[in-house]
Amino acid sequence: MKTIDDLATEGVAGKRVFVRADLNVPLDGTEITDDGRIRAVAPTIAKLAELGAKVIVASHLGRPKGAPDPAFSLAPAATRLGELLGKDVAFATDTVGESAQAVAAGLADGQVAVLENLRFNAGETSKDDAERGAFADQLAALADLYVGDGFGAVHRQHASVYDLPKRLPHAAGDLIATEVGVLKKLTEDVRRPYVVVLGGAKVSDKLAVIDQLLEKADRILVGGGMAYTFLKAKGHEVGISLLQEDQVPACLEYLARAEKRGVEFVLPVDVLVSPEFPDLKGKTPANPTTVAADAIPADQEGLDIGPKTRELYAEMLADAGTVFWNGPMGVFEHPDYAGGTKAVAQGLLNSKAFTVVGGGDSAAAVRLLGFDENAFGHISTGGGASLEYLEGKTLPGLAALED
């Protein structure tokens, strides 16, 4: 897999370089609430600009339905990128139309432009190879070289991720190179004990990675909404907590496998409960109750791990050699239910382990709760991509970058 340094050796000055980034940031109207993904890719873009490339940045944002939708415009991301780079960034109001063609043609050496949301064109996500390929052809006409640096999208077989690099000389950006290097440390040469912390809403999203980690991890600590399906599998009442009843048999199987293999599979021993989901806008006090994990009232919903569980998980992180964390422990967006996620983040910082925060809500939580990102070994920009890599899947966007 070629890198930007390889391209630099061959020469990029004066060439149009298409950078597939991941600028899929959360928005409140037109205000970016977490710019982590933009900051992560900015060094790659700056590096190419300094080498004299004409940099054309493209990304998706959200899930528009293959047509322009102002709510998903990348204009705020382009503005923020310009602020981070300290230079004006041009913005094309379409993906491959007149505006994109004019902006790409008008770039001077070292200048940067951002195209409008790729998913405004149905060809980007089409399952039809011909339609996807036709869109990739139009994108390819804008550039001379391709740099893949949108790690959060490499698990998607989309036109700009999979088809486009087949049409242009290509290389991996510095962010993707870093991400892959980190994930190899979680799969090939792991310092032990290897502790995995999994949270988030749905257990179904994590079953495939649990299946793989049962062969590699020494301890798996579970929190978040997915914990209640495991608690149900153990025969406990979970009240009105998030539950995937159809996944109970799979949870039972994994619990049995963990015991057989000697993997410590740890569930919450206490939880914070409430009869209703908290107000995340006004953040009015929720006044939760703490109960034992096997004593959740029938009319209550579990919304965070309790204080005893936080202490337990901190102890289990303390002597770790490697920690991978994906998914919050509760509804961290509300201060009354942020304690569990905060305790896990602090547990990673207190450990001498090589720590990886696996993107998505975990990365957002680290920033929202005020932790220093640089204190962690690595904060991934791709939650889903990280999980699929650990599952052992071939990621289309990485495969396309191979020579």
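These numbers come from the heavy atoms of this one structure, side chains and all, not from hydrogens, waters or symmetry mates.
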Would you say the side chain of Leu81 lies within less than 4.5 Å of the side chain of Ile45, judging by non-hydrogen atoms? yes
Please check this pair: side chain of Asp304 against backbone of Gly340, looking for a donor-acceptor N/O pair closer than 3.5 Å. yes
Electrostatic pair Glu373-Arg39, nearest N-O below 4.0 angstrom: yes
Salt bridge present between Lys2 and Glu10 (N-O < 4.0 angstrom): yes
Are Trp325 and Val195 close enough that some pair of their side-chain heavy atoms sits under 4.5 Å apart? no
Within the 4.5 Å heavy-atom criterion, are Arg132 and Asp129 side-chain neighbours or not? yes
Mind checking whether Ile56 and Leu107 have side chains closer than 4.5 Å, heavy atoms only? yes
Checking salt bridge (charged side-chain N to carboxylate O under 4.0 Å, His left out) for the pair Asp218/Arg261: CA distance, chi angles, key distance, verdict? CA-CA 9 Å; Asp218 299 299; Arg261 293 191 56 81; over 6 Å; no
Where the side chain of Arg257 meets the backbone of Asp211, is there a donor-acceptor pair that is under 3.5 Å apart? yes
Val103 side chain reached by Phe91 side chain, heavy atoms, under 4.5 Å: no
Check whether NZ of the Lys or CZ of the Arg Lys185 lies under 6.0 Å from the centre of the six-membered ring of Phe354 and within 45 degrees of that ring's axis. yes
Using side-chain heavy atoms (C-beta onward) and a distance below 4.5 Å, is Tyr337 in contact with Pro288? yes
How long is the gap from OG1 on Thr9 to CD1 on Ile4, to the nearest 0.5 Å? 12.0 Å
State plainly whether the residues Arg167 and Asp137 are in salt-bridge range, i.e. N to O under 4.0 Å. yes
Sole residue of Leu186, Val263, Val323 in side chain to side chain contact (heavy atoms under 4.5 Å, CB included) with Tyr194: Leu186
Find out whether Gln111 and Val55 are in side-chain contact, i.e. whether some heavy atom of one side chain is under 4.5 Å from a heavy atom of the other. no
Ring-ring centroid check Phe230 Phe265, cutoff 6.0 Å: yes
Counting only N and O atoms by type, is there a donor-acceptor contact under 3.5 Å from the side chain of Ser380 to the main-chain atoms of Val357? no
Can any side-chain N or O of Glu124 pair as donor or acceptor with the backbone N or O of Phe135 at less than 3.5 Å? no
Out of curiosity, Leu303 CG to Ser241 OG, how far, rounded to the nearest 0.5 Å? 7.0 Å
Can you list the steps and then say if Val273 with Glu301 is a side-chain contact (heavy atoms from CB on, under 4.5 Å)? CA-CA 5 Å; Val273 299; Glu301 178 178 10; over 6 Å; no
Does atom OH (Tyr162) have a neighbourhood of more than 12 heavy atoms from anything else shown, all under 6.0 Å? no
Taking C-beta and beyond as the side chain, do Lys393 and His155 meet within less than 4.5 Å on heavy atoms? no
side-chain contact (heavy atoms from CB on, under 4.5 Å) between Phe324 and Leu387, intermediate numbers included: CA-CA 10 Å; Phe324 173 69; Leu387 289 177; 4.2 Å; yes
Any donor-acceptor pair under 3.5 Å linking the side chain of Asp361 with the backbone of Ala365? no
Would you call Asp22 and Arg37 a salt bridge, using N to O less than 4.0 angstrom? yes
